[in-house]
Structures are given as structure tokens and as C-alpha cells.
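Data block below; observations after.
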Amino acid sequence: KANPRLRKVMASLTTHLHDFCRENEITVDEYMAGLDLIIAAGKWSTEQRNEMLLMTDILGLESLIDEITYTLAGEAADAPTATAILGPFWRKDAPKLKMGDSIVKKDMKGSDHASMHGRILDAETGKPINNAEIDIWHTGPNGLYEQQDPDQPDMNLRGRFFTGPDGEYELYCLKPTSYPIPNDGPAGKLLGLLDRHPMRPAHIHFIVSVEGYKPLTTQIFDRKDEHIDNDSVFAVKDSLIVDFLPKEGDSKAKFDLRYDFKLIGY
Ligand code: DHB
Ligand code: FE
């Protein structure tokens, strides 16, 4: 017996697809060209490279669905940290590090080190959360994630940190760099056909998770980035835009960033 939710969304999808075709008078040739692009994206996809996700991301779908999911969950709590899309470059089992450690395993040209710190808090009560895991990842100064770049050591610029009872975290990372989403495949071709650029503003990814709370997948964005208002995958939200401040008296970092994460309790 068909699942009622599946029945409902498929009926709606069919209606909208038919309306779309009628409204735009889609021809057989156009339909086949569209299918070719989808087939090409499927063929490009591997475990390392989810080209179908990239394709939907440049249409803003993952960001829209993230917003819907956040709105449903966020209504219960008081201004929890906004969510943002996972994107294609998270890896499981990033190294477990100690508070105060750096995720930078190799100093590459253009590296600007930053000290990042803050607290993990309960959105409703404002109380610190013990034993929360902060999983962080970002690109090198060349705009490549470690798994895209043979010149970076394995698991470079990735790490997991665990809070104590004060909910505090502290780590060293890089001030992030803007970079193009992988655009050598069908998603890049579609961007080109639409005269769109592939750039994402400089960002750092996080998953903050702990028992009893809804896992938070998010990103923060550098306010000064030239692409802050035109992210190719539409993930920027005002509350996730941050300022990297100059840091004095720390030989390990030129920039300072304080940021608190507020989680929704179950
Ligand atoms: C996408 C997201 C990212 O965070 C990224 O670094 C590259 C691509 C995406 O949504 O396609
Ligand atoms: Fe990213």
C-alpha cells in the first residue's frame, strides 16, 4: 500500500511538472536536452563527487530545503543558530583534537591563521552544553578541500573538538578563502549556459552535535568577501555572517573570531 506522504508529494510534483511544461511550451528537443544534462550529472557522480547535488545546489534547492527544515525545527526554540547546507565535502571520522589545537596540518601559501572560540549553548535556557562535538572543515587558501588536493595531507583543515561543562571551545583554523564550486562537469556547464559564476563566499563548515539536541549543520561566512551577496549555491544567511578581527599578541594567529552556537533541545 502506497505511503500517504509519498502519494501526496508525487501527485504534487506531477502537477507542478505538467504546469511547468505547459507554461513554458517545452518541446521534445528541449526535454531530451534536459534529460541529457541530468544523465550526464548522474554519470559524473561518485562517492567523492555528488554532481547531482551540485546541480540542485546551483538551483538553490538544497538551501531552500534547509530553510524549510530549519523553520519547522526552529519554531520550538528561542533564536537557535541558523542552519546552512552540508555541501559535498564533509568527511566522517575527522581527527579528534584537543581544545586549543589547530586543524592546520600544513602551512600553505596564503594561509592566514585565525583563533576561533566561543560557547555551545542551549538556545532556550542559554546554559552551556557539556560534551558537545564540534566538527569543522574548510578549504585551503587555494580554495580546495583536502580530498580535492593531492598537495594537502589527509584530513588537513578538518577536526572534531569536544566541550567541557563550561561549553567553551577554542581552536585554530584559517581565515577562509572564497572559491569556485567544482565547475568542470555538468553543473559548471549549466552555470556557463546561464552566464552565472561558480563562486562561493569564504566560509567554514560545522556540524555541532550532542545527545539530547538536534544536530546543527551550518556554515559561517566572512562579511568582507566579495561574493557575500551572490553565493552560487544560495547558502548565506544574515545571522551567519561574521567579522574576523585583527588579533594582537598571539604568535599563532593574525585574526580572531568569537562565535557561539545555540542548539535546539529535544
Ligand atoms: C557546495 C557547497 C559547499 O560548501 C562547497 O564548498 C562546495 C559546493 C554545494 O552546495 O554544491
Ligand atoms: Fe564548502
Side-chain angles (χ1 to χ4, degrees), residues 37-38 40-42 44-70 81-92 94 103-104 108 110-112 114 116 134-149 152 155-160 173-194 196-208 215-223 225-237 239-242 244 257 259:
L37 198 64
I38 293 171
W44 263 75
S45 293
T46 63
E47 212 171 312
Q48 294 293 317
R49 170 85 181 251
N50 189 340
E51 189 71 15
M52 278 304 294
L53 187 65
L54 223 48
M55 194 78 109
T56 67
D57 286 350
I58 64 173
L59 305 178
L61 268 187
E62 194 184 3
S63 284
L64 170 65
I65 289 165
D66 162 65
E67 181 60 32
I68 294 166
T69 309
Y70 172 71
T81 300
T83 54
I85 59 175
L86 177 67
F89 296 116
W90 176 76
R91 281 182 68 187
K92 72 176 171 63
I103 62 171
V104 186
M108 301 162 69
S111 292
D112 265 337
M116 181 174 178
I134 304 150
D135 188 340
I136 175 174
W137 70 104
H138 66 69
T139 69
N142 60 358
L144 294 173
Y145 287 90
E146 146 271 332
Q147 74 266 55
Q148 298 174 285
D149 184 0
Q152 289 183 51
M155 291 288 180
N156 189 36
L157 304 173
R158 296 175 185 276
R160 291 183 293 157
C173 56
L174 298 179
K175 186 161 90 62
T177 309
S178 53
Y179 87 106
I181 65 169
N183 62 345
D184 51 345
K189 182 174 168 197
L190 182 57
L191 283 174
L193 290 170
L194 297 171
R196 283 178 48 192
H197 71 75
M199 297 303 287
R200 293 215 62 208
H203 60 279
I204 304 178
H205 293 266
F206 301 91
I207 298 174
V208 183
L216 170 69
T217 301
T218 196
Q219 306 177 22
I220 56 170
F221 301 91
D222 182 356
R223 186 182 314 276
D225 194 281
E226 62 174 309
H227 297 289
I228 195 76
D229 290 324
N230 51 43
D231 184 356
S232 57
V233 300
F234 310 98
V236 180
K237 297 176 182 176
S239 64
L240 299 173
I241 298 177
V242 301
F244 288 86
L257 176 64
Y259 197 80

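Sequential numbering from 1 along the given sequence is applied to the chain's residues. For ligands, and for the atoms within them, numbers begin at 1 and follow the listed sequence.
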Which of these passes side chain to side chain donor-acceptor pair (under 3.5 Å) with Thr83: Asp66, Thr69, Thr218?
-> Asp66
Apply the side chain to side chain contact (heavy atoms under 4.5 Å, CB included) test between Leu174 and each candidate in Asp112, Ile103, Thr139, Leu157; give the one that qualifies.
-> Leu157
Would you say Ser232's side chain and Met199's backbone share a donor-acceptor pair under 3.5 angstrom?
-> yes
Is there a donor-acceptor contact under 3.5 Å from the side chain of Ser63 to the main chain of Phe234?
-> yes
Test side chain to side chain contact (heavy atoms under 4.5 Å, CB included), reference Val233, set Leu53, Thr56, Asp57, output is Asp57
Examine all N, O or S atoms of Gln219, backbone included, and report whether one is under 2.8 Å from the Fe ion (ligand 2).
-> no
Among protein heavy atoms, which sits nearest to atom 1 (C) of ligand 1, and what does the distance come to when rounded to 0.1 Å?
-> Pro88 CD, 3.2 Å
Which ligand 1 atoms, with their elements, are less than 4.0 angstrom from a heavy-atom of Val233?
-> 9 (C), 10 (O), 11 (O)
Interatomic spacing from CD1 in Ile134 to CE in Met116 - rounded to 0.5 Å = 8.0 Å
Which of the ligand 1 atoms, numbered from 1, are nearer than 4.0 Å to a heavy atom of Ile85 = 10 (O)
Is there a donor-acceptor contact under 3.5 Å from the side chain of Arg91 to the main chain of Gln147?
-> no
What's the NE2-the Fe ion (ligand 2)-OH angle here (His203, Tyr145), rounded to 10 degrees?
-> 100°
Nearest non-hydrogen protein atom to atom 9 (C) of ligand 1, with distance, is Asp57 OD2, 2.8 Å
Could you find the nearest protein heavy atom to atom 7 (C) of ligand 1 and give me its residue, atom name and distance?
-> Tyr179 OH, 2.6 Å
The Fe ion (ligand 2) to nearest N/O/S of His138 below 2.8 Å | no
Identify, by atom number and element, the atoms of ligand 1 in contact range of Gly87, meaning under 4.0 Å from any of its heavy atoms.
-> 2 (C)
Could you find the nearest protein heavy atom to atom 3 (C) of ligand 1 and give me its residue, atom name and distance?
-> Arg200 NH1, 3.2 Å
